[in-house]
Every structure is written in structure tokens, then in C-alpha cells.
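Start at 1 with the first residue, then count along the sequence. Note that ligands are numbered from 1 as they come in the structure, with each ligand's atoms numbered from 1 the same way. All figures in this text were calculated on a predicted structure; none of them were measured in a lab.
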Amino acid sequence: MALAGAHNMTEQEKSETGGAPLLAFAELCRDLAATSKKLEKRARMAAYLGSLQVEDAARAALYLAGAPFAETDPRRLQVGGSLLGKALAQLSGASPQAMQAAYRRHGDLGDAAFDLLQERQTAPLALQDLEEAFTALALARGPLAKLQLLLALLERATPLEARYIIKLASGDMRTGVKQSLVEEAAAAAFGAEPAQLRRAVMLNGNLAEVVRMAAAGTLGQATMRLFHPLGFMLASPVDSVEEALARFAEEVALEAAAAGAMTPALRAAQLEDKYDGMRAQLHCGDRTQAGRVGLFSRNREDLSESFPDLIEAFATFGEAVILDGEILAWQPGDERATGRALPFSSLQQRLGRKRVTAEMREATPVIFMAFDLLFESGELLLELPLRERRERLEKLVAAHGALTSDPHAGPDQGMLFASGTGGFARLILAPAVPLTDVEQLEAAYAEARRRGNEGVMLKAAASSYQPGRRGLAWLKLKRELATLDVVITGAEFGNGRRAGVLSDYTFAVRGPGEQLLNVGKAYSGLTDAEIEELSRRLMEQTLEDYGHFRTVIPSIVLEVAFNNLMRSTRHNSGFAMRFPRILRLRDDKPVAQIDSLARVEEIYASQPDKPVES
Ligand code: AMP
């Protein structure tokens, strides 16, 4: 049956197939990928969404944004690359060689599926069928059950539909469409104000529900719901104390300084330690959902399983709040002193665990170091200047516990939650002091390093909280040594003691067209246990097996330090690292946020000598 032009179906035909055809959605995605023009993408999506019944428009908006489920929905598909690959191999009957070749051509399983599957007689699929299949997949336990469901779904799909089902399931649509563009398109489709729709999504957290509200003209009634993460505000890196200060110098004063009149005055800013833990957003205290606590990573993942002690501690919090801060492994101090942060490697032992044992909780206690307050008692505070948010945060912490008199006194803070056994604070207010001058900043940086923290953060006191933005209102000054956040693209078996494990990693940064470009290869820095765990994960994510070397699905982010960068033809980025060493695994960082080639070029340009590998 030919389904081309299915989006022009009559209402009667639509109801016969159970709603909007999936094929029209897949065709739209194909067309979106084929144009780089943002306006055209938006117009195409708006026309499409506007042509659908509201329920289908709600589904389609979610899928266009690349998500099988809404953000507030705790369900997860949990089908990885290997399962999708298996389903595709079984369905297409392709040999492992043909699978590898198809994958290599595109670097994407969905596109490989399009090449490998044959056009054949299929029953029409609707968006609603996809929603039902996703529901069943999320409910199914174990890879076998999931594989069967996947096969049942893909058997019904045309090659083009399969292409986008697989892309959606693997979380990478490659249509060049971000959720913000879908939001704009939905606003256009339903004649809503884009800013109002965007705000409704931020408050409500469920794009599908907001599309329904837009259609009903009720966007203005959206209220803040807890338990879905707001975007995290990020900081821009600066390389030196001087650069940090220059960024915070008042423009007028700068001119005066240039004329030799005086030292430049500084814009009001606060100075905090940059902690080496895990950034997290904590939601708690909602009276309508008593005892519920949400803890989210920068990756928007739910962290509750890794930190049940924090969840328990905040379950009794009496006020609805969203706190921004850092989870830290903590060395409890005695009686009044709260102790100090332990290195990230300690915290890492708690991450990615299915079950955190009592021993682990005891051995690696954790605290939440709060540095921002985003929501309090029904009021979203993002637009308030940091100065005011900080004041409210200090009051909040003071009202909920015995905070020592001076919040700026240093790491020795009071106690908010005395846990039954440990008797130390679970919520600590991050100390902050007003920025004054170069000497203070230099001393603060040295002090932070001495305390075992990464460096310092400078935050403009007048700045609003900009979710998801890396602007100049927050600056980070960290270790002098340059580091890059990269993703593993290939792995090699080691020698001797490491003969059976993938212990030597090739990694990449983001290139201009989002393609990944290799910049180096490293084997030192991780512990044996970490290497074993990594090796296991990489085996599962193997794309091409060349015996000693494998290419892998780019999903594991590393922070890598090096002595300097050289121009080199060894890797396709045109750069290589001298003496690279892996500092740590960054499971908290999404691949989309690894460093870019532009950052590599910037570091290269800033090096006093610019070596070229001969
Ligand atoms: P990066 O991961 O290098 O992009 O640095 C930004 C990260 O710094 C954030 O995601 C936080 O995890 C971390 N961070 C540590 N201390 C602070 C702080 N005081 N304020 C804001 N972010 C912080």
C-alpha cells in the first residue's frame, strides 16, 4: 500500500487509521533534516502541527523535540544502541559486515536502518500507535521483552518510519531541531505568544500538555510544577585572575583607567568556591505531594537512586523550594564544624549505583551545598537579581536550621539537618563574599585550591538566573592546567595486566557541524576498577570490532588534562595532545556539552609556544 501523501488524508481516512499517520511525521523529519534554514523548519513544523487534531499535535510536538516522553514523566524506554542494533539486524537479515558498513556510512543507527530495510507491505502506523509502543517498552522488563516489542513495532514500519522510530528511541533525531524551535512552531500553529508558551513549558514541564493548553487558549493559567528540572545556568571560563577582573570592570571606570586616572572600579559581584562535586537541582517541600523530593543532574537525570540519604533528609522540608547547588562527598567535622568536601572520586563511588548500601552511605556521606534559590513558596525567582535571591536563600537556610551567625564566615557552617547517625548538616549554604580587588581574588583562588576545591566562581550581583545559558554573568576560574571535556569514540585493549580490558581510549571534541573530531588518545589516570567498568560499558557499545581496536557509540564523557596541544595530522581535528591524562569520568555531563573545536583552537592560540608535530 502506498502511503505517500498520507498527510493529505480525509478526516474519515484519518479515523480509520487511528489518527495522524506516522509516515507524515517521518516525512516531515526527513524534510527538516534536509534544510538548514531555521525559519523554514519552524514554518514546516507549524503547518504540520496546525493540521493535526490536538492530541496528535501534542504527541507530535514531543517527538519533534526528540523525546519519547514528557520531561515530567518518570518513564524511560531503556533501549540502548545494542538492543536497537539487534532488532535491526534481525529484521533486515543483514550480516554483521553489512550492518557495520551501513553504520559507518552514517554514524547513526536510524539512517543505517533506512538503508538496510526493504520497502514492503506494512499496515499504516499512527502517532498514537507509537505512543502505545513506547508505553509498552517502558513497562517491559529485561532486554528480551523489550526486543520483542521493538521487533513488533518495527515490523509494521516502512523504512522511513523505522528510521525515525530508531532515532527517537536513541534520543538523537538529527533534524537540527531543538525543543525551543518546536515551542515556537507550536505557538505559531495555535496563534499563541511564543514567550508565553515558552514560559508555560518552563513552569509546567510537559510540552504535550502545554500544546493542549495553547490550543485551548489557557497558557496564561500555567503554574509552576515542581519535580521537573529547570535549565541550569552555567559559567564561562576565564584563564586568569586578570581576565576575570577585566570582565567585571565597570565600563566607565575602564575608560578612566585607560586614561591613567585610577584603577578600574568593579561591577558588584559575589565570589564563591567552585566545588568539585556534582551539580544538582533540588525540589522539595510541596505540600500537595508530601514527602516528595526531586534531585536532578545537569543532564536532567533523576539522581534520587544514587543519593537516598539526601532524599530522606529533605522529605521533611516544610516549604516548597527549588535549590541550585552542588552535591559533595563530605568529611563530617566534629560537633560544630561541618567538615570539608572530599574529592570528586569519592562522590563517584556513589554514582550510577542501582542500590546504595548502608556501608556506602556511611563511608561516603553526602551533603547539598546550596548556592542559589530558584523557587520559593509559589514564587519563581529567576528574574530577581542574584543579590536578592542570595538574601532569600540565606534567610531560608537560617529559618530552617541553626546556621552560624555569619554566612560568609567560611566553610564552618551551622547544621540544618542532623541526620540520625552522622549528626552533620545535609544542607550547607555555599559561602559567598563580595568581590573587592585583585589581591582578594588571588587569595580566594589560592584558598579555594587549598580547601581542595577546583577554583572560584564570580557572579554578577545584578544578574538574573538564565536557565540553560552559559553567559558572562557567571565566570569560572579553575585550575591553570587546561582540560577538555571529550567523548570516547574508540577503545583499544591494553597490554600485560590490562590485556583483557579496553584501557586505551580515543576521544573527540565537537566540530562545527556537530560532527565529532578526534583530538587524542589516553590510557592513564583512571583506577583499575574504573577501567574495568568502562571496558564493560564500551564492549556493550561497540560499533565496529577490529579485533584490537573498536569504535564505540559516543556516549562516555571524560575530562582530560594535558601539557599542551600540538598541530598534528594524527587525528581528524588537526590537533593532538601532549601527555594527556584522564582526570575523571564525567557521567554528569551530556555529550552535547563536551568542548568544541573552537575551544581547542582557543587553548592552542593561548599557548606561548605553538608546537607542530613533525
Ligand atoms: P563546567 O562543568 O566546567 O562547565 O563548570 C560548571 C560547573 O561548575 C557547574 O555545572 C557546577 O557543577 C560547578 N560549580 C561548582 N561550584 C559552583 C558554584 N559555586 N556556582 C555554580 N556552579 C558551580
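- Interface atoms of ligand 1 facing E272, defined by a heavy-atom separation under 4.0 Å, are 18 (C), 19 (N), 20 (N).
- No salt bridge links D595 with R510; every basic N to acidic carboxylate O contact stays at or beyond 4.0 Å.
- Protein heavy atom at the shortest distance from atom 17 (C) of ligand 1 is F371 CE2, 3.6 Å.
- By the 3.5 Å distance cut-off applied to N or O atoms, W474 is not counted among the residues near ligand 1.
- The backbone and the side chain of R279 each have at least one atom closer than 4.0 Å to an atom of ligand 1 (non-hydrogen atoms only).
- Ligand 1 does not have Q593 within reach: every non-hydrogen atom of the residue lies 4.0 Å or more from it.
- Taking 4.0 Å as the cut-off between side-chain N and carboxylate O, R350 and D309 count as a salt-bridged pair.
- With respect to K476 and E272, no salt bridge is recorded, no charged nitrogen being found less than 4.0 Å from a carboxylate O.
- The closest approach between any non-hydrogen atom of K459 and ligand 1 is below 4.0 Å.
- For ligand 1, one of its N or O atoms has an N or O atom of E326 under 3.5 Å away.
- Each of the atoms 16 (N), 18 (C), 19 (N) of ligand 1 lies under 4.0 Å from some heavy atom of D273.
- Annotation for ligand 1: atoms under 4.0 Å from non-hydrogen atoms of R586 are 2 (O).
- A salt bridge is defined here as a Lys NZ or Arg NE, NH1 or NH2 lying under 4.0 Å from an Asp or Glu carboxylate O, and E243 with R247 meets this definition.
- Distances below 4.0 Å separate heavy atoms of R470 from the following atoms of ligand 1: 4 (O).
- Among all non-hydrogen protein atoms, the one lying nearest atom 3 (O) of ligand 1 is K476 NZ, 2.6 Å.
- Using a 4.0 Å cutoff on heavy atoms, E454 does not count as a contact of ligand 1.
- The pair R361-E312 meets the salt-bridge criterion, with a side-chain N (NZ, NE, NH1 or NH2) lying under 4.0 Å from an Asp/Glu carboxylate O.
- The nearest heavy-atom contact from the protein to atom 16 (N) of ligand 1 is Y275 N, 2.9 Å.
- In this structure, L203 and A222 approach most closely via the heavy-atom pair CD1-O, 3.7 Å.
- Looking at D587 and R537, a side-chain N of the basic residue comes within less than 4.0 Å of a carboxylate O on the acidic one, giving a salt bridge.
- For M278, the closest heavy-atom approach to ligand 1 does not fall below 4.0 Å.
- If you check which protein heavy atom lies closest to atom 8 (O) of ligand 1, you get K274 NZ, 3.2 Å.
- With salt bridges taken as basic N to acidic carboxylate O contacts below 4.0 Å, one links R451 and E447.
- Between E326 and R279 there is no salt bridge, since no side-chain N of the basic residue sits under 4.0 Å from a carboxylate O of the acidic one.
- Between E533 and R536, at least one side-chain N (NZ, or NE/NH1/NH2) sits under 4.0 Å from a carboxylate O, which counts as a salt bridge.
- Residue contacts with ligand 1: D276 is excluded, as none of its non-hydrogen atoms falls under 4.0 Å.
- The nearest heavy-atom contact from the protein to atom 10 (O) of ligand 1 is R298 NH1, 2.9 Å.
- A cation-pi arrangement is present between K459 and F371, with the terminal nitrogen or guanidinium carbon under 6.0 Å from the aromatic centre and inside a 45° cone about the axis.
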